[in-house]
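Notes for the one structure printed next.
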Amino acid sequence: MGALVRALFVYPVKSCRGIALDRADVEARGLRHDRRWMIVDGTGMFVTQRAEPRLTHVEVAIDERQATLVLSSPDQRPLHLPLEPREGASLKVRVWRDEVDALHAGDEAARWMSAFLGAPASIVFMPDAVERPVRPDFAEPGDHVSFADAFPLLVTTTDSLDDLNARLDQPLPMNRFRPNIVVGGCTPWEEDEWRRARVGAVPVRLPKGCDRCVVTATDQLTGERGVEPLRAMASFRRRTDGKVYFGVNAVPDAPGTIAVGDRVTVLE
């Protein structure tokens, strides 16, 4: 049958829980709604699971009928936000080396997130007019990205995860790697060599493997942090730059819709 899309995930709020989808719209920034929201500290610096693993406890839901984003946590009432806000205080925020214009989600959202983290924090949104460029050494003119780390899409394969899990005492779920598109029906690690592919009818470029961090060692339900899979991957997935890799970053070359079950055709 060849390679097929086995799962799709969107993460509306960077570093909070993801949402499994049967079908997703692909836009220039990646999957629709993916990482358009972000948590920032009192200085405007982005906050992620790297420093705050408790963000795994923040569940996110999308109510399309009400055009609402809903955040919930074990100890607070749900927070309802407009899914695509058109107004709000503008501020500069930082995600890695990029300074980006964003809309402040308001005082209620700031109080909610500050109470959850136990430190001053706000929630911000990236408007359509803001274009954050993809890293120029791996991009073509016009490529841009949301608040994701560096690229619009992350592609992983079940086959590589199976190979990794065979090396672990306890297998890990795919959510440790927070992918957007999960592909199955390949040979393990063949995605390392993909450069162009078609997912359903959507063409994508795959310019760079994804180097992995401590988030992969964080249980995405409990927030508990261990040493795997980083320790195991260090034994066979470490490259000359000293980093370990799982999955490939991707950039869509055209908009479209993809669905679980779509064929994935490697073009280059």
Arg77, CZ: over 12 other non-hydrogen atoms inside 6.0 angstrom: no
Salt bridge Asp143-Arg205, side-chain N to carboxylate O under 4.0 Å: yes
Atom CD of Glu190: over 12 foreign heavy atoms under 6.0 Å: yes
Set of residues satisfying ring pair (Phe, Tyr, Trp, His ring centres under 6.0 Å) with respect to Trp37, sequence neighbours excluded: Phe125
Minimum heavy-atom distance between Gly30 and Leu153, given as atom pair plus value: CA-CD2, 3.9 Å
Test: Arg54 and Glu52 ion pair at under 4.0 Å: yes
NZ/NE/NH1/NH2 to OD/OE distance under 4.0 Å, Arg238 and Asp241: no
Side chain Asp159, main chain Thr187, donor-acceptor under 3.5 Å: no
Non-hydrogen side-chain atoms of Val60 and Leu69 separated by less than 4.5 Å: yes
Same apolar cluster (I L V M F W Y, side chains within < 4.5 Å links), Leu81/Val47: yes
Any side-chain heavy-atom pair of Asp34 and Asn180 under 4.5 Å: yes
Check: Lys92 main-chain N/O paired with Asp101 side-chain donor or acceptor under 3.5 Å: no
Lys NZ or Arg CZ of Arg132 over Phe147 ring: under 6.0 Å, within 45°: no
Heavy-atom side-chain contact between Arg50 and Thr218 under 4.5 Å: no
CG/Asp137: more than 12 non-hydrogen atoms of other groups inside 6.0 Å: yes
Polar side-chain atom of Asp63 near backbone of Arg65 as donor-acceptor pair, under 3.5 Å: yes
Partner set under ring pair (Phe, Tyr, Trp, His ring centres under 6.0 Å) for Phe138, not counting sequence neighbours: none
Heavy-atom donor-acceptor pair, Thr56 side chain to Gly223 backbone, under 3.5 Å: yes
From CA spacing to verdict: side-chain hydrogen bond (donor to acceptor under 3.5 Å, both in side chains), Thr257, Asp25: CA-CA 4 Å; Thr257 300; Asp25 292 330; 2.9 Å; yes
Check: residues 115-123 side-chain donor-acceptor pairs under 3.5 Å, at least two apart:
from: Ser122; atom 1: OG; to: His104; atom 2: NE2; distance (Å): 3.2

SB check Asp163 Arg167 (cutoff 4.0 Å): yes
Ring pair (Phe, Tyr, Trp, His ring centres under 6.0 Å) against Phe46, all qualifying residues, sequence neighbours excluded: Trp96
Axial cation check for Trp189 ring with Arg237, 6.0 Å and 45° limits: yes
Cluster link Val260 to Val204, ILVMFWY, side chain under 4.5 Å: yes
Shortest non-hydrogen contact from Gly256 toward Val202: CA-CG2, 3.7 Å
Within 6.0 Å of CD in Glu87, more than 12 heavy atoms from elsewhere: no
Qualifying residues under ring pair (Phe, Tyr, Trp, His ring centres under 6.0 Å), relative to Phe177, sequence neighbours excluded: Phe246
Greater than 12 external heavy atoms within 6.0 Å of Arg23's CZ: no
Nearest heavy atoms of Arg178 and Leu154, plus distance in Å: O-CD2, 3.7 Å
Residue pair Asp22 / Leu8, side-chain heavy-atom distance below 4.5 Å: no
Any Pro152 side-chain heavy atom under 4.5 Å of Arg29 side chain: no
Closest contact, heavy atoms only, His80 versus Val70: ND1-CG2, 3.6 Å
Ion pair Asp253/Arg196, N-O distance below 4.0 Å: yes
The single option from His57, Gln49, Arg17 passing side-chain hydrogen bond (donor to acceptor under 3.5 Å, both in side chains) against Gln220: Gln49
Those residues that, when tested against Thr157, pass side chain to side chain donor-acceptor pair (under 3.5 Å) (two or more places apart): Ser160, Glu191
